Amino acid sequence: MPKVVLAYSGGLDTSVIIRWLKEERGFDVHAVAIDLGEERDYEGIREKALSIGAVGAEVIDAKEEFARDFIFPALKANAVYEDKYPLSTALGRPLIAKLVGEIALRERADAVAHGATGKGNDQVRFEVTWAVLFPQLQQLAPIRDWGMSREEEIEYARKYGIPIPVEKKSPYSYDTNLWGKSAEAGPLEDPWFEPTREVHQWTRDPQEAPDEPRYVEIGFERGAPVSLDGEELSPAALITRLNALAGEHGVGRIDMIENRLVGIKSRETYECPAAVVLLEAHRDLEGMCLERELAHYKRMVELKYAELVYYGLWYSPLRRALDAFVEQSQATVTGTVRVKLHKGNCVVVGRKSPYSLYRHELATYDRGDRFDQSAARGFIQLWGMSAQTAEQVRREAEEG
Ligand code: ARG
């Protein structure tokens, strides 16, 4: 029998896929669940896959790789899609696809499969990654291709004794990893509908957050966060800790209309407590440590970087080249940022760095001023000369 390795989540869709690929397509299915920081019973998920008919099943803990090799590069690039979305799902998919592909090679499988629909970005991220890294593998997207309605799918599950969630299923569809949690579908499809309390699972309602603000000091080395309040932590541990801390203070809620790559506008709600705090802190430290022209130019790179990640082009020459630029730009982004978390807000209230370009003797209006103000006059003359000349000529020409 041909063999397929499936990116398995443990949910109904990918569970039905296991059986469907076996019954309808004649595949031996090897299921792989990747732990990117969603807290779940992974051993239970593994056993479930086997009980449904997978010939093999395994779980890979990829939290540290995810944080170090995907999240931190994106953080250094301040990668945010459409000014709001920190790209949690978009960063996770290429790593899942890479790991699933590697296992397919190890298992000498013929194909790889995912459980994304035909309407979203995730199918693109999976399939582009596989096409780039594993062109020899056949790709299967059963949900997109099987043409079953939701009811038919549940019927199919029933027929083969696949566990169907018994408790009244939440109308929301979540996708979770270290960098954030997205919620879609159900009432959220109405852009006017305000998310009710059960939508949010990681963040406290800001109104009910503690009255006392929480200060956190985040240590950065070359653009990567390395410590919280002086305690050094691994990348994944740091993000996990900060998610809890900032979520407790209601920080990290995002509500937006987003342009999907496939041309659909969708209403998205996210909870990204650590991402929101780290992006805010990182940008602030760059404000202190990056030379002006580099800082301004980097904004353009950031925009493109975010777009590439969103569009599923993580494994592309341009992303690698941009990463080289970003990495170089971070040589001096070392220091500590102090943020205040309070009732849904995250505000930077202090920063310091051995590479600080802030010079008190230049900035001050008080005693100790070492800035030569007389130099400004000639500078401004030359600075304005081009515009001044143009205006003069325009007037002369118009006045005939
Ligand atoms: N809109 C976001 C993105 O495209 C989140 C997608 C969530 N994915 C999911 N399968 N629910 O990155």
Side-chain angles (χ1 to χ4, degrees), residues 4-21 24-25 27 29-36 38 40 45 49 52 54 60 62 66 70 81 85 87-101 103-104 109 111-134 137-150 152-154 156-157 162 169 172-177 179-186 188-189 258-268 270 308-315:
V4 59
V5 175
L6 167 69
Y8 183 56
S9 74
L12 181 64
D13 282 347
T14 48
S15 293
V16 172
I17 288 176
I18 291 180
R19 196 58 184 243
W20 187 86
L21 284 173
E24 321 296 326
R25 292 291 182 270
F27 277 98
V29 182
H30 183 92
V32 183
I34 315 281
D35 177 2
L36 295 186
E38 179 176 13
R40 305 190 58 191
I45 289 175
I52 294 167
I60 299 178
F66 182 43
F70 291 75
Y81 185 64
Y85 170 40
L87 295 161
S88 39
T89 296
L91 286 163
R93 289 298 182 264
L95 175 53
I96 294 172
K98 183 198 77 161
L99 293 169
V100 165
I103 288 169
V112 279
H114 65 70
T117 73
K119 296 181 77 169
N121 300 308
D122 291 332
Q123 52 174 344
V124 181
R125 297 165 184 153
F126 275 114
E127 292 172 33
V128 168
T129 302
W130 285 334
V132 170
L133 300 181
F134 311 100
L137 295 173
Q138 189 192 341
Q139 301 183 13
L140 302 170
I143 302 271
R144 188 176 64 202
D145 299 334
W146 66 25
M148 280 196 278
S149 68
R150 189 78 192 163
E152 288 164 337
E153 191 186 331
I154 289 172
Y156 195 93
I162 297 166
K169 199 182 167 294
Y172 306 113
S173 150
Y174 293 100
D175 188 66
T176 309
N177 65 41
W179 208 223
K181 182 174 193 83
S182 71
E184 302 168 303
L188 290 171
E189 287 179 356
E258 179 177 300
N259 286 294
R260 287 190 191 161
L261 179 57
V262 294
I264 300 171
K265 279 192 193 291
S266 67
R267 195 282 181 89
E268 302 284 337
Y270 300 101
L308 276 178
V309 171
Y310 190 85
Y311 291 174
L313 297 173
W314 179 265
Y315 292 105

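Position 1 is the first residue of the sequence; numbering continues from there. Quick caveat, the model's predicted, so the values are computed rather than measured.
With hydrogens and angles ignored, the 3.5 Å screen pairs a side-chain donor or acceptor of Ser9 with a backbone N or O of Gly11. With Glu38 contributing its side chain and Asp35 its backbone, the two residues share no donor-acceptor pair below 3.5 Å. No side-chain donor-acceptor contact under 3.5 Å links Arg19 to the backbone of Ala157. The backbone N or O of Thr89 sits nowhere less than 3.5 Å from a side-chain atom of Asp175 that would complete a donor-acceptor pair. With hydrogens and angles ignored, the 3.5 Å screen pairs no side-chain donor or acceptor of Thr14 with any backbone N or O of Ile17.
Side-chain contact check for Val32 versus His30: some heavy-atom pair is nearer than 4.5 Å. Put simply, the side chain of His114 does not reach to within 4.5 Å of the side chain of Val100, judged on heavy atoms. Side-chain contact between Tyr156 and Glu24 is present, with at least one heavy-atom pair separated by less than 4.5 Å. In this structure the side chain of Arg93 never reaches within 4.5 angstrom of the side chain of Asn177, judged on heavy atoms. Gln138 has its side chain within reach of Phe27: a pair of non-hydrogen atoms, C-beta onward, lies under 4.5 Å apart. Counting heavy atoms from C-beta on, the side chains of Leu308 and Trp314 never come closer than 4.5 Å. Two residues are said to be in side-chain contact when any heavy atoms from C-beta on lie closer than 4.5 Å; Lys119 and Val262 fail this criterion. With a 4.5 Å cut-off on side-chain heavy atoms, Leu137 and Trp130 do not count as touching.
When all heavy atoms are compared, the tightest approach of Gly115 to Ile143 is O-CG1, 3.5 Å. Among all heavy-atom pairs drawn from Leu21 and Ala113, the shortest one is CD1-CB, 4.1 Å. Nearest heavy atoms, Phe134 versus Ala97: CE1-O, 4.1 Å. Ile45 and Gly10 make their closest contact through CG2-CA, 4.0 Å (heavy atoms, listed as atom of the first residue, atom of the second, distance). Here the closest heavy-atom approach between residue Ala49 and residue Ala31 is recorded as CB-CB, 3.7 Å. Across all non-hydrogen atoms, the minimal contact from Tyr310 to Ala90 is CA-CB, 4.1 Å.
Side-chain contact annotation: Tyr8 with Ser15, donor-acceptor N/O pair under 3.5 Å present. Remark: the Glu258 side chain and the Tyr270 side chain contain an N/O donor-acceptor pair separated by less than 3.5 Å.
Cation-pi check for Lys181 over Tyr174 is met; the charged atom lies under 6.0 angstrom from the ring centroid and within 45 degrees of its normal.
One distance of note links NZ of Lys98 with CD1 of Ile96; it measures 12.0 Å at 0.5 Å rounding. Atom CG of Leu12 and atom CD1 of Ile162 lie 7.5 Å apart (nearest 0.5 Å). Atom-to-atom distance recorded for Asp145:CG and Trp20:CH2 is 7.0 Å, nearest 0.5 angstrom. Distance check, rounded to the nearest 0.5 Å: CG of Leu261 to CG of Asp122 gives 11.5 Å.
Ring geometry, Tyr81 versus Tyr311: the interplanar angle exceeds 60°, so the pair is classed perpendicular (tilted spans 30 to 60°). The aromatic rings of Phe66 and Phe70 sit tilted relative to each other, their planes meeting at an angle between 30° and 60°.
A salt bridge links Asp13 and Arg150; the closest N-O separation between the charged side-chain nitrogens and carboxylate oxygens is under 4.0 Å. Glu127 has a carboxylate O that lies under 4.0 Å from a charged side-chain N of Arg144, or vice versa, which qualifies the two as a salt bridge. With respect to Glu189 and Lys265, no salt bridge is recorded, no charged nitrogen being found less than 4.0 Å from a carboxylate O.
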